[in-house]
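So that the names make sense, note that chain A is the first sequence line, chain B the second, and so on, each numbered from 1.
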Amino acid sequence: MAELRNSLKEKRLQLGLTQAELAERCGVTRKTVNTVENGVFVPSTVLSLRMAAALGVRLEELFWLE
Amino acid sequence: MFRGGASVETLSARKAGMLGVVAIIYITQQIGNVGRELDTPRLIGWAVLSVLILGVLLTNGYWLMPKAVRNVLDDELTQSHRARSIRIALTVAMLSGFAFYATAPGLDWGIREAVHALVSLGLGAGLISLAVQEWRSTRNG
């Protein structure tokens, strides 16, 4: 079964953002950003879109199935 | 006062510890009550704590905080933790109900004692589950 992968950490670091800064931009706590980055938590479509917007990338660049 | 991300993070990190402490107090209180006739102050204390725990499971608490802060603290991850804890609380309460029903002839309990035990087991299980999930995500996060 395909699993959700993401490039959240890579894109975040490219912008020089900390997890806390990205969390604040997305209106969530840092632990949520961390668990999404680690693949522990699968975010909703709404949060995924908010994260993509906060990082200025398309959703498909941030999340994909593998 | 709590506009900055750091303050929300501090509250979020403290929550896991606070839930753990409340869980220990609640469980200790119930263990201490086993086989004892409960007086009114003890019953009121149990009822108040039970309602507060139910409120935390259903709404995440922080009722005195501004709504914007509450929304951040009750983000998707926390909502998923609460949903899982409520499922566990319901399951434990239902299983306890079945067990009490099946063993009722052998128990020297009235309806009040049975309801007290059922509510305490359900809420206690839900609270422990929430505390553990929040602690794990805080530790890893």
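When only modelled atom types and interatomic distance are considered, B:Thr138 and B:Glu134 share no side-chain donor-acceptor pair under 3.5 Å. A side-chain donor from one of B:Gln133 and B:Ser85 sits under 3.5 Å from a side-chain acceptor of the other.
The local environment of CZ in B:Arg84 is sparse, with at most 12 non-hydrogen atoms from other residues, nucleotides or ligands closer than 6.0 Å. For B:Leu64, the CG atom sits in a loose shell: 12 or fewer heavy atoms of surrounding residues, nucleotides or ligands are nearer than 6.0 Å.
No side-chain donor-acceptor contact under 3.5 Å links A:Thr32 to the backbone of A:Val28.
Under the salt bridge (Lys or Arg N to Asp or Glu O under 4.0 Å) criterion, A:Arg58 pairs with A:Glu60, not counting sequence neighbours.
Residues of residues 72-80 of chain B having a heavy atom under 4.5 Å from any heavy atom of chain A, listed by number: B:Val72, B:Leu73, B:Asp75, B:Glu76, B:Leu77, B:Thr78, B:Ser80.
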